[in-house]
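On a predicted model such as this, the values are computed, not experimentally measured, just so you know. Whatever order the structure lists ligands and atoms in, that order sets their numbers, starting from 1. Values below: all heavy atoms of this structure, side chains included; hydrogens, waters and symmetry mates excluded.
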Amino acid sequence: MKRFVTFEGIDGSGKTTIINEVFDELIDKNYSVIVTREPTDSWVGKCVQECIATHTDPIVTSFTFISDRIIHGKEILNWLKKYDIVLCDRYAESTYAYQGAQLQDSIDNPIKWLMELSKNRFPIPDITFLFEIQPKIAMKRIQDREELIPFEKVAFLEKVAKNYQKLIDDKRFNCIDATESVEDITKHCLDVILSDK
Ligand code: TMP
């Protein structure tokens with residue numbers, strides 16, 4: 001079984017819908033499960049929201065996301081003692097993909113730089129689902145939301161999606177076609193989480 005499970009993908013890729021479905025199914029199967037997300041609801045998470053909303057300098061934004069994760073990582077380690085499974089909506093790869101895109105014109109190899117800052121600072125997931133979808137299709141799905149955040153633009157999400165592709169060389173990643181049905185994706189995630197492989 002995979003105990004610490006993260007869900008990644010660009011905005012509008014449908015992660016949150018699937019996490020809720022997976023959570024319900026696992027509870028029905030009598031597992032104890034907690035769902036968490038980043039940015040978190042902590043005071044640092046609120047600083048992150050402020051960074052996004054006010055177009056704060058991407059270096060400050062990067063440090064703030066990583067700070068939020070360092071605190072969150074300690075909570076996750078505690079939850080892993082109490083629960084069978086922790087499901088997390090966005091985690092470290094969001095920083096590598098999004099801040100990697102924000103920093104690509106100001107830092108050499110920003111993904112490597114962000115990874116070095118993060119090294120050994122928080123737990124590594126057992127499995128990371130990467131929801132793959134074309135940014136144009138993802139944006140169509142979310143365009144009717146009351147408020148779009150500054151990252152939700154096709155050109156930016158194209159860069160983010162490319163960065164995600166650079167991260168999947170590790171066998172921890174499980175790529176998902178996010179245009180498949182909710183039922184099929186949920187079943188796939190459950191099979192992977194509950195398998196011993
Ligand atoms: P959300 O839409 O999943 O609540 O996340 C808010 C935005 O923050 C989303 O556009 C992705 C972005 N984000 C980053 O840029 N870096 C990160 O490390 C995380 C966790 C999220």
Distance to 0.1 Å, residue and atom name: give those for the protein heavy atom nearest to [atom].
| atom | value |
| --- | --- |
| atom 18 (O) of ligand 1 | T95 OG1, 2.5 Å |
| atom 7 (C) of ligand 1 | I149 CD1, 3.5 Å |
| atom 9 (C) of ligand 1 | D11 OD2, 3.3 Å |
| atom 16 (N) of ligand 1 | Q99 OE1, 2.7 Å |
| atom 3 (O) of ligand 1 | R90 NE, 2.9 Å |

Can you confirm whether or not the ring centre of F122 sits under 6.0 Å from the ring centre of Y91?
yes

For Q165 and E132, test the side chains for any donor-to-acceptor distance below 3.5 angstrom and give the result as yes or no.
yes

By number and element, which atoms of ligand 1 are closer than 4.0 Å to a non-hydrogen atom of I52?
7 (C), 8 (O)

For ligand 1, which atoms sit closer than 4.0 Å to a heavy atom of E38?
20 (C)

Given side chain to side chain contact (heavy atoms under 4.5 Å, CB included), test K112 with M115 step by step and report yes or no.
CA-CA 5 Å; K112 187 167 169 240; M115 283 180 167; 5.7 Å; no

Can you figure out which of F151, F65, Y96, Y98 has its heavy atom closest to atom 21 (C) of ligand 1?
F65

Out of curiosity, is R37 lining ligand 1, as in a heavy atom under 4.0 Å away?
yes

Under a heavy-atom criterion of less than 4.0 Å, does R69 contact ligand 1?
yes

Here the gap from Y96 atom OH to I111 atom CD1, rounded to the nearest 0.5 Å, amounts to 10.0 Å

With side-chain hydrogen bond (donor to acceptor under 3.5 Å, both in side chains) as the criterion, how do T95 and R69 come out once you've worked through the C-alpha distance, each side chain's angles and the decisive distance to 0.1 Å?
CA-CA 10 Å; T95 299; R69 186 161 307 122; 2.8 Å; yes

Carefully, step by step, assess Y98 and Y164 under the rule side chain to side chain contact (heavy atoms under 4.5 Å, CB included).
CA-CA 9 Å; Y98 281 77; Y164 270 125; 3.8 Å; yes

Using side-chain heavy atoms (C-beta onward) and a distance below 4.5 Å, is E38 in contact with S94?
no

